[in-house]
Amino acid sequence: MLTAHVVFATITGNNQDVADIVTEGLEAQGCQVQETEISQTDATEFKTADICVVCAYTYDGGALPEEGLDFFEDLPQVDLSHQVFGVAGSGDTFYGDDFNVAVDRFAAAFKQSGARQGAPSVKIDLEPGQADIDRLDAFAAQLVATAQHPD
Ligand SMILES: Cc1cc2nc3c(=O)[nH]c(=O)nc-3n(C[C@H](O)[C@H](O)[C@H](O)COP(=O)(O)O)c2cc1C
């Protein structure tokens, strides 16, 4: 059975909702999933999962979640060359070019760790609606499909 670890960063709950939807989507695909909050998680914990997911908000002018900075800085140093990764996030299109910048920065950090991208990143505007739930379910399914196939 494939295992997955979904890590989220949230202030007002949208990214926990995103993480919950991804977790349910992965479970529906038969994965055993652990979901944790970023400040309570060490990046090395990803080594024990097959599929690693980050769901994070973006703050002030494209900033990363402050409580996730240690995790973010550690992530590239962890050898995740046997893992598949995916990143999703809720931001706000009001912020224009800074929309969901944290999603791209986490994807870049995962690439430095040697992990294989299992599905394109998903960027959501504020609370996830039904169309977003459908996108996140497809994201979860694609992560599992990638993890089931060798490089
Ligand atoms: C002060 C402030 C700055 C923000 N800056 C950005 C930003 O640069 N880019 C972005 O996409 N969203 C930005 N947002 C929007 C949040 O990322 C968005 O509301 C998100 O859904 C919050 O996620 P959460 O409910 O998980 O905390 C900002 C929100 C606030 C309050």
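Just so you know, ligand 1 is whichever comes first in the structure, and atom 1 is the first atom listed for that ligand.
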Look at the rings of Phe46 and Phe71 and say which category their plane angle falls in: under 30° parallel, 30 to 60° tilted, over 60° perpendicular.
perpendicular
Under 4.0 Å from a heavy atom of Gly61: which atoms of ligand 1 are those, numbered in the order shown and with their elements?
8 (O)
Under 4.0 Å from a heavy atom of Asp92: which atoms of ligand 1 are those, numbered in the order shown and with their elements?
10 (C), 11 (O), 12 (N), 15 (C)
For ligand 1, does Tyr59 get within less than 4.0 Å through its side chain, its backbone, both, or neither, judged by non-hydrogen atoms?
both
In terms of residue, atom name and distance, what is the protein heavy atom nearest to atom 25 (O) of ligand 1?
Thr12 OG1, 2.4 Å
Need the ligand 1 atom indices (1-based, order shown) with element for anything under 4.0 Å from a heavy-atom of Gly62.
8 (O)
Under 4.0 Å from a heavy atom of Thr10: which atoms of ligand 1 are those, numbered in the order shown and with their elements?
24 (P), 25 (O), 26 (O), 27 (O)
For Glu127, is the CD atom crowded, meaning more than 12 foreign heavy atoms sit under 6.0 Å from it?
no
shortest atom 29 (C) of ligand 1-to-protein heavy-atom contact is with Tyr95 OH, 3.6 Å
Before signing off on this row, confirm whether Tyr57 and ligand 1 have an N or O atom pair separated by under 3.5 Å.
no
Is there a donor-acceptor pair under 3.5 Å between the side chain of Thr58 and the backbone N or O of Phe99?
no
Counting N and O atoms only, with roles assigned by atom type, does the side chain of Asp125 sit under 3.5 Å from a partner on the main chain of Thr93, one being a donor and the other an acceptor?
yes
Quick one: look at Thr58 and ligand 1, take heavy-atom pairs under 4.0 Å, and tell me if it's side chain, backbone, both or neither.
both
Ignoring hydrogens and angles, tell me if any N or O in the side chain of Ser81 forms a donor-acceptor pair with the backbone of Gly114 under 3.5 Å.
no
What atoms in ligand 1 come closer than 4.0 Å to a heavy atom of Phe99?
11 (O)
Quick one: look up the protein heavy atom nearest atom 20 (C) of ligand 1 and list residue, atom name and how far away it is.
Ser90 O, 3.3 Å
Given 3.5 Å as the limit, does a donor-acceptor pair link the side chain of Asn15 with the main chain of Gly89, or not?
no
Of all the non-hydrogen atoms in the protein, which one sits nearest to atom 19 (O) of ligand 1, and at what distance?
Leu126 CD2, 3.6 Å
Just which atoms of ligand 1 are under 4.0 Å from any heavy atom in Asn15?
23 (O), 24 (P), 26 (O)
Shortest protein contact, atom 11 (O) of ligand 1 (heavy atom only):
Asn100 N, 2.8 Å
When rounded to the nearest 0.5 Å, the distance separating OG1 of Thr3 from CD of Gln83 is 8.5 Å
Interfacing atoms of ligand 1 (cut-off 4.0 Å, heavy-atom, Ile11)
24 (P), 26 (O), 27 (O)
Under the criterion side chain to side chain donor-acceptor pair (under 3.5 Å), I'd like the reasoning laid out for Gln16 against Thr10: C-alpha separation, chi angles, the key distance, then a yes or no.
CA-CA 6 Å; Gln16 186 162 9; Thr10 189; 5.6 Å; no
Count the heavy atoms of every other residue, nucleotide or ligand shown that sit under 6.0 Å from CD of Gln32, and state whether that count exceeds 12.
no
Counting distance only, does the side-chain N/O of Ser90 pair as donor-acceptor with the main-chain N or O of Leu126 below 3.5 Å?
yes
Quick one: do Asp104 and Lys123 satisfy side-chain contact (heavy atoms from CB on, under 4.5 Å)? Show the steps, please.
CA-CA 9 Å; Asp104 296 328; Lys123 295 181 177 179; 2.8 Å; yes
Distance to 0.1 Å, residue and atom name: give those for the protein heavy atom nearest to atom 1 (C) of ligand 1.
Asp60 OD1, 3.4 Å
Within a distance under 4.0 Å of any heavy atom of Asp98, pick out the atoms of ligand 1 and give their elements.
7 (C), 8 (O), 9 (N), 10 (C), 11 (O)
